[in-house]
Amino acid sequence: MPDRKPGRRGTSSPLGVPRDLIGPRLTHADFAISAERLAATLIGCVLVRVIDGEMLAGQIIETEAYVGVKDRASHAYGGRRTPRNEMMYARAGTLYVYFTYGMHHCMNVVCGEVDEPVAVLLRATRPLIGLEAMARRRFGSAEASRRERDLCSGPAKLCQALGVDRTINGLDLVRGESMWIAHPGTGLEPIQRRDVRRTPRIGIDSAGAWAARPLRWVVDAREIGR
DNA sequence: ATGACGATTTACT
DNA sequence: GTAAATCGTCATA
């Protein structure tokens with residue numbers, strides 16, 4: 001599927017933002033809520049990345065909440081505060097990027113209050129804009145031989161597709177110009193609440209009882225076409 | 001200084 | 001289904 005064009009007169013801002021897909025930016029107040037509420041809210045929103053003069057964007061379809069010092073699966077469990085997870089203690093709307101498995105990056109949106117280490121892991125998007133650039137970053141070529149569904153269908157895939165690494169750890173999603181989150185534009189099918197499932201989080205089997213908690217939000221695959 | 005372990009992905013059986 | 005890749009991080013010493 002080719003990238004969508006900006007469209008008719010008036011649908012594109014001076015910066016080239018296609019308003020039919022990308023609505024108003026989320027504000028600090030939008031982020032300064034609990035991780036559970038933000039994880040649910042972010043489903044359907046649009047993650048926008050500007051890198052190397054190109055705009056990339058996708059609709060958020062999978063999130064996980066990491067709910068604080070009591071959450072055994074969280075990097076901040078027990079109040080741990082280290083150089084790696086320092087950004088979890090920052091202001092709501094801060095981006096927390098970490099490196100794991102010796103090769104992968106994952107990104108979180110910090111929420112709650114300052115010094116309260118709560119965040120939402122962005123796990124997957126439906127690619128909307130810049131699919132060829134995403135494919136280049138993911139596979140080294142823009143060829144369509146790879147399926148669109150493999151571009152951003154996991155937390156580390158998403159980071160790779162969008163060129164996210166620790167160099168933008170701490171980025172301010174409220175004011176930043178290289179990355180932000182927007183409400184869905186008028187031209188995007190809204191995601192229905194009934195199409196969103198809650199399940200246990202992925203890859204945290206050693207988190208005891210917390211592993212079973214339904215803190216993952218995911219759009220039913222049938223709604224995404226895969 | 002050392003060692004165990006990842007909020008994962010990919011390829012392969 | 002299983003396993004390898006690959007190295008920063010952190011608790012322990």
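Residue numbers begin at 1 in each chain, while the letters A, B, ... track the order of the sequences.
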[atom1] of [X] versus [atom2] of [N]: gap in Å, rounded?
| X | N | atom1 | atom2 | result |
| --- | --- | --- | --- | --- |
| A/E64 | B/dT8 | CD | C1' | 12 Å |
| A/Y66 | B/dG6 | OH | P | 12 Å |
| A/M87 | B/dA7 | CE | P | 19 Å |
| A/E62 | B/dA7 | CD | P | 16 Å |
| A/K157 | B/dA7 | NZ | P | 18 Å |
| A/D165 | C/dC7 | CG | P | 15 Å |
| A/Q160 | B/dA7 | CD | C1' | 17 Å |
| A/H75 | C/dT9 | NE2 | C1' | 10 Å |

Task: Partners passing side-chain hydrogen bond (donor to acceptor under 3.5 Å, both in side chains) against A/D165 (at least two apart in sequence or in another chain) - done: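 Expected list: A/T167.
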TODO: Check side-chain hydrogen bond (donor to acceptor under 3.5 Å, both in side chains) between A/D30 and all other residues, then give those that pass, not counting sequence neighbours.
DONE: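 Only A/T27 meet the side-chain hydrogen bond (donor to acceptor under 3.5 Å, both in side chains) criterion with A/D30.
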Quick one: does [X]'s side chain get under 4.5 Å of [Y]'s, heavy atoms only?
| X | Y | answer |
| --- | --- | --- |
| A/Q59 | A/L188 | yes |
| A/C45 | A/L26 | yes |
| A/V46 | A/I60 | no |
| A/M107 | A/L95 | yes |

TODO: Please work out which residues in residues 202-215 of chain A have a non-hydrogen atom less than 4.0 Å from an atom of DNA chain B and list them by number.
DONE: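 Of all residues in residues 202-215 of chain A, the ones placing a heavy atom under 4.0 Å from DNA chain B are A/I202, A/G203, A/I204, A/S206.
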Task: Of the listed nucleotides B/dA7, C/dA11, B/dT9, the one nearest the side chain of A/R80 - done: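 Closest nucleotide to the A/R80 side chain: C/dA11.
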TODO: Looking only at side-chain atoms of A/S74, point me to the closest of C/dA11, B/dT9, B/dA7.
DONE: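 It is B/dA7.
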- [ ] Return the orientation label for the A/H105 and A/F99 ring planes: parallel under 30°, perpendicular over 60°, tilted otherwise.
- [x]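 Plane angle between 30° and 60°, so tilted.
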Enumerate, atom names and distances included, each donor-acceptor pair closer than 3.5 Å involving a side-chain atom of residues 64-73 of chain A, sequence neighbours excluded.
residue, atom, partner, partner atom, Å
A/E64, OE1, A/Y66, OH, 2.6
A/E64, OE2, A/I202, N, 2.8
A/K70, NZ, A/V67, O, 3.2
A/D71, OD1, A/A73, N, 3.0
A/D71, OD1, A/R201, NH2, 3.1
A/D71, OD2, A/V67, N, 3.1
A/D71, OD2, A/R201, NH1, 2.7

Determine the contact category for [X]: base if any of its heavy atoms lies under 4.0 Å from a base atom, sugar-phosphate if only primed atoms, P, OP1 or OP2 are that close, otherwise nothing.
| X | answer |
| --- | --- |
| A/R166 | sugar-phosphate |
| A/A156 | sugar-phosphate |
| A/R138 | sugar-phosphate |

Open item on the list: Taking atom CZ as the centre, does A/R216 end up with more than 12 heavy-atom neighbours from other residues, nucleotides or ligands that are less than 6.0 angstrom away?
Closed with: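 Yes, the 6.0 Å shell around CZ holds more than 12 heavy atoms from other groups.
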- [ ] Dot-bracket for DNA chain B, please, read 5' to 3', with Watson-Crick or G-U wobble pairs under 3.5 Å on both distances, ( ) within the strand, [ ] crossing, | other strand, . unpaired.
- [x] ||||||.|||||.
Task: Distance-only donor-acceptor check, side chains A/R137 and A/Q160, under 3.5 Å - done: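 No, A/Q160 and A/R137 have no side-chain donor paired with an acceptor closer than 3.5 Å.
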Task: Per-pair stack call A/Y98 and B/dA7, 5.5 Å, 30° - done: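 Stack criterion not met.
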- [ ] Report yes or no: is the ring centroid of A/F99 under 5.5 Å from the six-membered base ring centroid of C/dG8, with the two planes under 30 degrees?
- [x]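 A/F99 vs C/dG8: stacking no.
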Open item on the list: Using a 6.0 Å distance limit plus a 45 degree cone around the ring axis, check whether A/R166 lies over the aromatic ring of A/Y98.
Closed with: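 Judged by the rule, A/R166 and A/Y98 form no cation-pi pair.
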- [ ] Nearest 0.5 Å please: distance from the CG atom of A/D150 over to the CE atom of A/M134.
- [x]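 If we round to the nearest 0.5 Å, A/D150:CG and A/M134:CE are 13.5 Å apart.
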Task: Sub-4.0 Å heavy-atom contacts from residues 104-121 of chain A onto DNA chain C, ordered by number - done: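 DNA chain C contact set from residues 104-121 of chain A: none.
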- [ ] Compare side-chain N and O positions of A/R84 against OP1 and OP2 of C/dA11 and report whether any pair is under 4.0 Å apart.
- [x]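 So the side chain of A/R84 is outside the cut-off, no N or O lying under 4.0 Å from OP1 or OP2 of C/dA11.
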Open item on the list: Taking only side-chain N and O atoms of A/R72, does any of them lie within less than 4.0 angstrom of OP1 or OP2 on B/dA7?
Closed with: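 The answer is no; no side-chain N or O of A/R72 sits under 4.0 Å from OP1 or OP2.
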